[in-house]
Amino acid sequence: MLRLFFALQPTPEQNITLISQVAPLIVGAQPVRAENLHATLCFIGAVEPERLDGLRAAVAKVRGRHVVMRFDALEYWDDPKIVCATTSEESESARELALVLGEATIAAGFTPDIKSFRAHLTLARKVSRDLSVAFPQSLTPSTIVRCDRFVLMESRREEAGSIYSAVDSWALYD
């Protein structure tokens with residue numbers, strides 16, 4: 001089984017900068033690997049490999065607009081015990097894309113985990129409650145992420161943690 005989701009990705013340089021910015025604040029927590037940073041649009045879950053082409057075909061028709069997100073805050077989320085970069089202003093184009101991807105995958109017979117889109121980049125996991133008193137705070141300088149593609153990603157769990165890799169991607173338009 002493949003564990004799949006659709007996402008938007010910062011550039012590799014932005015990923016390194018974001019992880020570096022939060023590192024001094026999360027001593028004792030588990031930083032996310034820079035190459036794993038992403039904003040989840042639609043989580044599909046477990047998919048049989050033979051259904052992958054059907055999933056690709058379902059979203060190949062999706063037409064979304066370019067996405068710009070300004071990550072300007074750091075927040076601690078208690079339930080998953082994570083620190084993430086968040087946006088004070090939601091991206092309408094990202095929200096619309098998440099909605100359309102959910103609809104397209106349902107129409108194709110998949111059962112995605114449908115949630116309201118909230119742009120965030122998980123920067124650290126296993127954050128203790130003691131560290132959480134430092135959050136929320138502004139992210140200075142803020143990071144502007146411009147996306148001209150959305151990506152189908154696979155999540156694989158390994159001993160050292162989850163590894164995310166791109167399976168396919170599709171262009172976004174003006």
Side-chain angles (χ1 to χ4, degrees), residues 2-22 32-47 51-75 77 80 82-123 136-156 162-174:
L2 304 170
R3 192 166 183 257
L4 302 173
F5 61 95
F6 291 99
L8 298 167
Q9 294 181 295
T11 66
E13 297 79 19
Q14 288 174 321
N15 291 348
I16 291 167
T17 298
L18 285 162
I19 294 297
S20 297
Q21 281 179 281
V22 78
V32 171
R33 296 174 187 199
E35 62 272 16
N36 278 355
L37 293 189
H38 66 277
T40 301
L41 291 164
C42 181
F43 183 76
I44 306 300
V47 174
R51 294 193 66 203
L52 182 57
D53 286 341
L55 180 60
R56 284 179 166 133
V59 300
K61 302 171 199 157
V62 169
R63 295 293 175 254
R65 297 180 290 142
H66 284 138
V67 173
V68 177
M69 299 175 288
R70 182 174 172 257
F71 291 93
D72 55 5
L74 293 173
E75 294 182 20
W77 292 358
I82 62 171
V83 168
C84 51
T86 58
T87 61
S88 57
E89 292 183 31
E90 285 296 330
S91 165
E92 184 69 22
S93 57
R95 189 186 61 72
E96 289 171 2
L97 181 58
L99 183 65
V100 170
L101 286 169
E103 291 170 350
T105 56
I106 289 170
F110 294 90
T111 54
D113 181 14
I114 300 296
K115 294 180 181 170
S116 294
F117 177 75
R118 179 161 184 225
H120 70 280
L121 302 169
T122 301
L123 302 174
Q137 62 179 259
S138 63
L139 181 60
T140 307
S142 61
T143 299
I144 297 174
V145 175
R146 290 177 170 77
C147 301
D148 61 358
R149 307 191 73 67
F150 69 95
V151 182
L152 175 61
M153 299 187 79
E154 179 183 7
S155 171
R156 293 183 319 280
S162 294
I163 304 289
Y164 304 132
S165 56
V167 175
D168 209 338
S169 67
W170 295 265
L172 296 171
Y173 304 94
D174 286 331

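Keep in mind the model is a prediction, meaning the values are calculated, not measured. Computed from heavy atoms alone, side chains included, the values below leave out hydrogens, waters and symmetry copies.
To the nearest 0.5 angstrom, Ile163 atom CD1 is 6.5 Å from Glu35 atom CD. From Asn15, atom CG reaches atom CG of Leu37 across 4.0 Å, with rounding to the nearest 0.5 Å. The SG atom of Cys42 sits 9.5 Å away from atom CG of Leu99, with the distance rounded to the nearest 0.5 Å. Atom OG1 in Thr40 sits 8.5 Å away from atom CE in Met153 (nearest 0.5 Å). To the nearest 0.5 angstrom, Asn36 atom CG is 9.5 Å from Gln9 atom CD. Note that CZ of Arg51 is 11.5 Å distant from CG of Asp53, once rounded to the nearest 0.5 Å.
Each salt bridge (Lys or Arg N to Asp or Glu O under 4.0 Å) pair with one or both residues in residues 105-117, not counting sequence neighbours, appears once here: Asp113-Lys115. Applying the salt bridge (Lys or Arg N to Asp or Glu O under 4.0 Å) test to every pair with at least one member in residues 136-150, sequence neighbours left out, gives no pairs at all.
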Exercise answer: donor-acceptor pairs, residues 116-123 side-chain atoms, under 3.5 Å, sequence neighbours excluded:
residue	atom	partner	partner atom	Å
Arg118	NH2	Glu75	OE1	3.1
Arg118	NH2	Glu75	OE2	2.8
His120	ND1	Arg118	O	2.9

Check: residues 58-71 side-chain donor-acceptor pairs under 3.5 Å, at least two apart:
residue	atom	partner	partner atom	Å
Arg63	NH1	Ala60	O	3.1
Arg65	NE	Glu96	OE1	3.4
Arg65	NH2	Glu96	OE1	2.8
Arg65	NH2	Glu96	OE2	3.3
His66	ND1	Asp174	OD1	2.5
His66	NE2	Leu172	O	3.2
Arg70	NE	Ser142	OG	3.3
Arg70	NH1	Asp72	OD2	3.1

Which donor-acceptor pairs under 3.5 Å do side chains of residues 101-111 form with protein atoms, sequence neighbours excluded?
residue	atom	partner	partner atom	Å
Thr105	OG1	Leu101	O	3.0
Thr105	OG1	Gly102	O	3.0

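Val167 places none of its side-chain heavy atoms less than 4.5 Å from the side chain of Leu2. Here the side chains of Leu18 and Leu139 are in contact, with some heavy-atom distance below 4.5 Å.
Annotation: side-chain contact (heavy atoms from CB on, under 4.5 Å) contacts of Pro80 (sequence neighbours excluded): Trp77, Ile82. Listed by chain and number, the residues in a salt bridge (charged side-chain N to carboxylate O under 4.0 Å, His left out) with Glu13 amount to none (sequence neighbours excluded). Partners of Ser165 under the side-chain hydrogen bond (donor to acceptor under 3.5 Å, both in side chains) rule, at least two apart in sequence or in another chain, are Arg156. Contacts of Glu89 classified as side-chain contact (heavy atoms from CB on, under 4.5 Å), with partners at least two apart in sequence or in another chain: none. Under the side-chain hydrogen bond (donor to acceptor under 3.5 Å, both in side chains) criterion, Thr87 pairs with no residue at all, not counting sequence neighbours. Residues forming a side-chain contact (heavy atoms from CB on, under 4.5 Å) with Arg3 (at least two apart in sequence, or on another chain): Phe43, Ser155, Arg157. Not counting sequence neighbours, the partners of Tyr164 by the ring-ring contact (aromatic ring centres under 6.0 Å, His included) test are Phe5, His38.
Between Leu52 and Leu152, the closest heavy-atom pair is CD1-CD2, 3.8 Å.
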